[in-house]
Asks: 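Got a structure for you, questions after.
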Protein chains: 2
Amino acid sequence: MGLTKTEIFTDQQNTIAQLAKVLGHPARIAILQHLFRSDTCVCGDLVTEIGLAQPTISQHLRELKNVNLIQGSIEGTKVCYCINTEAWEGARELLFLFLSQQPKTNGDCC
Amino acid sequence: MGLTKTEIFTDQQNTIAQLAKVLGHPARIAILQHLFRSDTCVCGDLVTEIGLAQPTISQHLRELKNVNLIQGSIEGTKVCYCINTEAWEGARELLFLFLSQQPKTNGDCC
DNA sequence: ACACTTAATCGTAATATTGCAATGAACGAA
DNA sequence: TTCGTTCATTGCAATATTACGATTAAGTGT
């Protein structure tokens, strides 16, 4: 029905999935990479940098903000976005832990 | 339009996003965790383990197979699934690299 | 006040995802 | 063969996502 049954999973599973979901779009990957690369907090030149319309970029920025990975501050008519270092490191920690899992039987069994 | 414009992004960005997208559902996280935990390759008892209907689990398994994270082999009437170690390590590498990024200016600038 | 810039929001269209009942295909056992 | 088990596939309904034009809100400059 298009609706995820979050209630049958653990908080940890839901959190990992929610984070991964936000990273699950190339535009948001590109936005994050751009924010990491550019020393200064770039603003809406993400629109020209990435080839999507302004409302679309704004929507992606909101999703990144929703999980706290980025934050923005208003500078006149512009808005300055940057990585939320603390949240980013938390996300990294959580995903590292999940990705570090290894099969007990090394060597695939099927 | 519900259709991602993959053509305007790099292959790397698309690959990262595709992987993250597959990890972006708690059921698939739960399936992977179960496959890691259980020494033997479990089969359709994922259905009882996780509380979703059999067709739903089957669908999630297919998505995990599509990106090669798991593989299955037929054992009589049952199907035995397990982690594809090589692909898993490739995914880990790629995501580790992305997650390891750090802002140049340490300390958020906005 | 007026024009201009920037970015969020609204509304909408197209497509994707999630979940399941029903069905089908493949195998083992009686 | 027939029955039961296991899992994939099909078809469908409900919801979510992606993208953008049009508009709005807020700020700057003249």
Side-chain angles (χ1 to χ4, degrees), chain A residues 1-9 13-14 17-31 34-35 40-67 70-82 110, chain B residues 1-9 13-14 17-31 34-35 40-67 70-82 110:
Chain A
M1 316 166 186
L3 176 58
T4 299
K5 284 193 166 177
T6 56
E7 67 276 11
I8 67 176
F9 302 105
Q13 288 166 340
N14 282 318
Q18 192 194 21
L19 263 173
K21 192 173 187 176
V22 170
L23 298 180
H25 194 289
R28 294 192 285 268
I29 298 295
I31 288 174
H34 193 79
L35 288 179
T40 84
C41 283
V42 287
C43 325
D45 32 33
L46 286 163
V47 175
T48 50
E49 204 64 42
I50 304 168
L52 292 171
Q54 180 264 321
T56 309
I57 296 290
S58 194
Q59 208 170 347
H60 285 305
L61 286 169
R62 185 171 50 192
E63 292 196 61
L64 289 167
K65 247 195 307 189
N66 279 347
V67 293
I70 65 172
Q71 59 194 169
S73 64
I74 302 172
E75 310 255 334
T77 66
K78 308 195 176 184
V79 176
C80 169
Y81 281 103
C82 65
C110 46
Chain B
M1 320 163 182
L3 175 58
T4 299
K5 283 193 168 178
T6 55
E7 68 275 10
I8 66 174
F9 301 105
Q13 288 166 341
N14 282 317
Q18 192 192 21
L19 263 174
K21 192 173 189 177
V22 171
L23 299 180
H25 194 290
R28 295 193 285 267
I29 298 294
I31 289 174
H34 193 79
L35 288 180
T40 85
C41 283
V42 286
C43 322
D45 32 35
L46 285 163
V47 174
T48 51
E49 204 63 43
I50 304 168
L52 291 172
Q54 180 264 321
T56 308
I57 296 290
S58 193
Q59 205 171 350
H60 285 304
L61 286 169
R62 187 172 48 190
E63 292 198 59
L64 288 167
K65 246 193 311 190
N66 280 346
V67 293
I70 66 172
Q71 59 195 165
S73 62
I74 302 172
E75 311 253 334
T77 67
K78 307 194 177 183
V79 176
C80 170
Y81 280 103
C82 66
C110 47

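All chains are named by letter (A, B, ...) in the order of the sequence lines, taking the proteins before the strands, and each is independently numbered beginning at 1.
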Asks: Atom pairs, N/O to N/O, protein against nucleotides 3-5 of chain C, distance under 3.5 Å?
Replies:
none

Asks: Find the distance between OG1 (B:T4) and NZ (B:K21) and round it off to the nearest 0.5 Å.
Replies: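 The distance works out to 5.0 Å.
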Asks: What is the distance, to the nearest angstrom, from the CZ atom on B:R28 to the P atom on C:dT17?
Replies: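 Rounded to the whole Å, the gap is 9 Å.
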Asks: Counting just side-chain N and O atoms, does A:R62 come under 4.0 Å of either OP1 or OP2 of C:dT9?
Replies: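 So the side chain of A:R62 is within the cut-off, an N or O lying under 4.0 Å from OP1 or OP2 of C:dT9.
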Asks: Would you give the length of the straight line joining atom CD of A:E63 to atom OG of A:S58, rounded to the nearest 0.5 angstrom?
Replies: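 Taking CD in A:E63 and OG in A:S58, the distance rounds to 11.0 Å.
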Asks: Rounded to whole angstroms, how far apart are CG on A:N66 and P on D:dA16?
Replies: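 Value for this atom pair: 14 Å.
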Asks: Using whole Å, report how far CG of B:L64 lies from P of D:dA8.
Replies: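 Roughly 12 Å, once rounded to whole Å.
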Asks: Write down the atom of A:Y81, the atom of A:I70, and the distance for their closest heavy-atom approach.
Replies: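 Residues A:Y81 and A:I70, closest heavy atoms: CD2-CD1, 3.8 Å.
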Asks: Can you measure from CD (B:Q59) to CZ (B:R28) and round to the nearest 0.5 angstrom?
Replies: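 So the CD of B:Q59 and the CZ of B:R28 are separated by 9.0 Å.
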Asks: Mind listing the N/O atom pairs, protein and nucleotides 19-22 of chain C, below 3.5 Å?
Replies:
{"from": "C:dG19", "atom 1": "OP1", "to": "A:K5", "atom 2": "N", "distance (Å)": "2.8"}
{"from": "C:dG19", "atom 1": "OP2", "to": "B:H25", "atom 2": "NE2", "distance (Å)": "3.2"}
{"from": "C:dG19", "atom 1": "OP2", "to": "B:H60", "atom 2": "NE2", "distance (Å)": "3.0"}
{"from": "C:dG19", "atom 1": "O4'", "to": "A:M1", "atom 2": "N", "distance (Å)": "3.2"}
{"from": "C:dG19", "atom 1": "N7", "to": "B:Q59", "atom 2": "OE1", "distance (Å)": "3.2"}
{"from": "C:dC20", "atom 1": "OP1", "to": "A:K5", "atom 2": "NZ", "distance (Å)": "2.6"}
{"from": "C:dC20", "atom 1": "OP2", "to": "B:A53", "atom 2": "N", "distance (Å)": "3.0"}
{"from": "C:dC20", "atom 1": "OP2", "to": "B:T56", "atom 2": "OG1", "distance (Å)": "3.2"}

Asks: What is the distance, rounded to the nearest whole Å, between atom CG of B:L61 and atom C1' of C:dT17?
Replies: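 Taking CG of B:L61 and C1' of C:dT17, I get 16 Å after rounding.
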Asks: In whole angstrom, what separates B:I70's CD1 from D:dC7's P?
Replies: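 Interatomic distance, CD1 of B:I70 to P of D:dC7: 13 Å.
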Asks: Taking atom CD1 as the centre, does A:I8 end up with more than 12 heavy-atom neighbours from other residues, nucleotides or ligands that are less than 6.0 angstrom away?
Replies: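 Yes, enclosed.
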Asks: Look at the rings of A:H60 and A:H25 and say which category their plane angle falls in: under 30° parallel, 30 to 60° tilted, over 60° perpendicular.
Replies: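 Because their plane-to-plane angle lies in the 30° to 60° range, the rings of A:H60 and A:H25 count as tilted.
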Asks: Would you please confirm or rule out a distance under 4.0 Å between OP1 or OP2 of D:dA8 and any side-chain N or O of B:Y81?
Replies: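 So the side-chain polar atoms of B:Y81 do come within 4.0 Å of the phosphate oxygens OP1 or OP2 of D:dA8, strictly under.
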Asks: Separation of A:Q18 atom CD from D:dA16 atom C1', in whole Å?
Replies: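 Taking atom C1' of D:dA16 as the reference, CD of A:Q18 is at 14 Å.
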Asks: Check B:F9 against A:I50 and note the closest heavy-atom contact, atom names and distance.
Replies: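 The pair with the smallest heavy-atom distance is CE2-CG2, 3.7 Å.
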Asks: Could you state the atom-to-atom distance from CD1 of A:I74 to P of C:dT6 in whole Å?
Replies: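 Nearest whole value for this atom pair: 15 Å.
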Asks: Take A:V79 and A:L61 through the side-chain contact (heavy atoms from CB on, under 4.5 Å) test and state the conclusion after the steps.
Replies: CA-CA 11 Å; A:V79 176; A:L61 286 169; over 6 Å; no
Asks: Whole angstrom is fine here: how far is it from CD in A:E63 over to P in D:dT17?
Replies: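 Answer to the nearest Å: 7 Å.
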Asks: Between B:K21 and D:dT17, is there a side-chain N or O to OP1/OP2 distance below 4.0 Å?
Replies: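 For D:dT17, neither OP1 nor OP2 has a side-chain N or O of B:K21 closer than 4.0 Å.
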Asks: Specify the closest pair of heavy atoms between A:A27 and A:L52, including all atoms of both residues, with the distance to one decimal.
Replies: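 The pair with the smallest heavy-atom distance is CB-CD1, 3.8 Å.
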